2 protein chains.
Amino acid sequence: MQHATNPRDTKAEIHHAALDLFSAQGYEKTSLREIAEQVGITKASLYYHYKSKQELLRAIIGTFVDDIREVMARADGLDWSPAAARELLSSYLDVLIRNRASGPALTRDIGAVLASIDEDIEAIVTTSRQFQVWLAGPDPTSVDRIRAAAAIEALGASISAELPIGEISDAELHATLLDAAITLLPSKPD
Amino acid sequence: MQHATNPRDTKAEIHHAALDLFSAQGYEKTSLREIAEQVGITKASLYYHYKSKQELLRAIIGTFVDDIREVMARADGLDWSPAAARELLSSYLDVLIRNRASGPALTRDIGAVLASIDEDIEAIVTTSRQFQVWLAGPDPTSVDRIRAAAAIEALGASISAELPIGEISDAELHATLLDAAITLLPSKPD
DNA sequence: GTCTATACCTTGATAGAC
DNA sequence: GTCTATCAAGGTATAGAC
C-alpha cells in the first residue's frame with residue numbers, strides 16, 4: 001500500500017486499464033492505443049512497462065493459470081482415493097470460482113490466453129491430461145476416462161456466462177458443482 | 001452440383017484452404033495472404049468471393065452454429081419431461097460429436113467465432129439461456145439451474161482436446177456422456 | 001463474371017531523442 | 001520514463017483489366 005499522492009504507478013494503471021478493456025471487449029478487439037489513451041500516455045510508453053501485448057495479458061491472467069496448474073500438479077504421485085479425488089476437485093473448483101467474474105472473458109479469449117502461455121503450453125497440456133487420467137482412478141477404462149473428463153468439464157459451469165451471477169452464491173455454486181462432479185466420477189471398489 | 005472438369009470453383013477452393021489453415025493454426029494467426037497464396041490467387045481476389053475474413057469463418061462454422069441453435073430452439077414451447085430432456089440432450093450431443101474433429105479449433109477461437117456471429121449473438125445467448133432453464137425442469141431452484149448448466153457443460157467433454165480421439169469411438173462417447181448428463185439433471189417427480 | 005494492382009488505414013512493435 | 005517517428009504486416013476498398 002502506498003500513499004495517495006504518489007509519483008503515479010503507471011505500470012499498475014496500465015494493468016488496471018487493460019483488465020477493464022479486455023474484460024469489456026476481449027483481448028483481440030482491444031488495441032494498445034486504446035489502453036494507452038485511457039491511461040493518458042502514448043502507445044510506445046506501454047512498451048517500457050510491458051514487453052508485448054501478450055505479456056500484459058499474461059500479467060493479468062497469470063495467477064489464474066498458475067493456480068490451476070498447481071492444483072493439477074498435486075495429483076502427481078498421489079495415490080488415488082475417493083477422498084483425494086474429492087479434495088483435488090474441490091481445490092480446482094475453488095480457483096475457478098475465485099475467478100468467476102472474469103470467467104467469460106477468459107473463455108472467450110482462450111486463443112490469446114493459450115498463446116500468452118506458449119512455452120509452458122506443452123507442459124500444461126501434459127499436466128492436464130495426467131490430472132484427468134488420475135481422476136479416472138486406477139486402471140481406467142475408456143468409459144472411466146470420459147466420465148472423468150465430463151466431471152472436470154462440469155466444474156467449468158461455474159464460469160458459464162449463462163448462469164445468473166447475482167442470484168447464486170459462491171458457496172451454493174461450490175457445493176452443487178462439487179457434488180455433481182463427484183457423481184460423474186467412475187465409482188471404484190474400495 | 002457441377003461437373004468435375006470445371007472452370008475451377010475458386011470459392012470452394014478458398015473455403016477448403018481456409019478450413020485447413022484455420023484448423024492448423026487458428027483463425028487469428030492465419031492471414032488472408034496465406035490463404036490466397038495456397039489457392040494461387042491474390043488477396044484481393046478473396047474479396048470477390050467473401051466480403052470479409054469473418055464471413056469466411058462464418059461460412060466454415062455456419063452449419064455447426066445453426067445446428068446447435070436449432071436443437072436448443074426445439075425446447076421452446078415444448079413441455080418438459082425426462083424423455084424430452086433426454087431427447088434434446090442427445091441431439092445436442094450429436095451435433096458436438098459430428099464436429100468432434102474440429103472441436104479444439106472451434107474452442108480455441110471462440111472469440112473469433114462469436115465475433116463472426118455478431119448480430120445473432122444476442123439471440124443465441126437468449127436461446128441458450130432458455131434451453132438451460134428448460135432443462136432444469138418446471139419451477140427450477142438455483143441448484144436445479146446449476147445442475148442443468150453442469151449437464152450441458154459435461155457434454156462439452158466430447159470436443160475436449162484431452163480425450164484421445166483415436167481410442168474412443170463416437171458411439172461410446174455418445175452413450176457415456178449422455179448418461180453422465182442425465183445423471184446430473186435435477187430429478188423431478190413425475 | 002472473375003480476377004489483379006494498388007493504395008489506405010490500423011495494429012503491434014522498435015529506435016532514438018529529450 | 002515518456003515522447004516522436006517509423007516500420008512491417010494485416011484487413012479492407014476500389015478501379016479497372018480481361
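All values reported here derive from a predicted model rather than from experimental measurement. Worth knowing before you read on, the calculation uses all heavy atoms, side chains too, and leaves out hydrogens, waters and symmetry mates. Within every chain, numbering begins at 1; the chains are lettered A, B, ... in the order of the sequence lines, protein sequences first and strands thereafter.
Looking at heavy-atom distances under 4.0 Å, A:Ser31 makes contact with sugar-phosphate atoms alone, never a base.
For B:Ile14 and C:dC3, the CD1 to P distance is 7 Å, given to the nearest whole Å. In this structure, the CD atom of B:Glu34 is 7 Å from the P atom of D:dG10, given to the nearest Å. In this structure, B:Glu28 places its CD atom 19 Å from P of C:dT10, rounding to the nearest Å. Note: CD (B:Gln25) to C1' (D:dA9) measures 15 Å, nearest angstrom. Across the protein-nucleic acid pair, B:Asp9 atom CG and C:dG1 atom P stand 15 Å apart, rounded to whole Å. When the C1' atom of D:dT2 is taken as reference, atom NE2 of A:His49 falls 8 Å away, rounded to whole Å. Remark: P of C:dT2 and OH of B:Tyr50 are 13 Å apart, rounded to the nearest angstrom. If you take CG of B:Leu46 and P of D:dG10, they are 13 Å apart, rounded to a whole angstrom.
Comparing D:dT12, C:dG12, C:dA5 by their nearest atom to the side chain of B:Ser52 picks out D:dT12. Of the listed nucleotides (D:dG11, D:dT4, C:dG12), C:dG12 has the atom at the smallest distance from the side chain of A:Lys43. Listed nucleotides C:dA13, D:dT4, D:dG11 differ in distance to A:Thr42; the shortest reach to its side chain belongs to D:dT4. The side chain of A:Ala44 approaches D:dA5 more closely than any other nucleotide in the set C:dA13, D:dA5, D:dG11.
You'll find the side chain of A:Gln54 reaches within 4.5 Å of the side chain of A:Tyr27, heavy atoms only. Side-chain contact check for B:Leu135 versus B:Leu88: every heavy-atom pair is 4.5 Å or farther apart.
Side-chain polar atoms of B:His174 and B:Ser158 form no donor-acceptor pair below 3.5 angstrom. Between the side chains of B:Ser160 and A:Glu153, not a single donor N or O lies within less than 3.5 Å of an accepting N or O. Checking A:Asp144 against A:Thr141 by side-chain atom types alone, a donor-acceptor pair falls below 3.5 Å.
Identified under the ring pair (Phe, Tyr, Trp, His ring centres under 6.0 Å) test for residues 35-58 of chain B, with sequence neighbours left out: none.
Computed from C1' positions of five pairs at each end, the angle between the two local axes of the helix from C:dG1-D:dC18 to C:dC18-D:dG1 equals 10°, rounded to 10 degrees.
An OP1 or OP2 oxygen of D:dA13 is reached within less than 4.0 angstrom by no side-chain nitrogen or oxygen of B:Tyr47. For C:dT10, neither phosphate oxygen OP1 nor OP2 lies less than 4.0 angstrom from any side-chain nitrogen or oxygen of A:Arg33. For C:dC3, one of the phosphate oxygens OP1 or OP2 lies less than 4.0 angstrom from a side-chain nitrogen or oxygen of B:Thr10. For the OP1/OP2 pair of C:dT4 and a distance below 4.0 Å, the side-chain nitrogens and oxygens of B:Ser45 include at least one atom meeting the criterion. The phosphate of D:dT2 (OP1 or OP2) has no side-chain N or O of A:Tyr48 nearer than 4.0 angstrom.
Between the CG atom in A:Leu46 and the CG atom in A:Leu56 there is a gap of 7.5 Å [rounded to 0.5 Å]. Expressed to the nearest 0.5 Å, how far CD1 of B:Ile68 lies from CD1 of B:Ile124 amounts to 10.0 Å.
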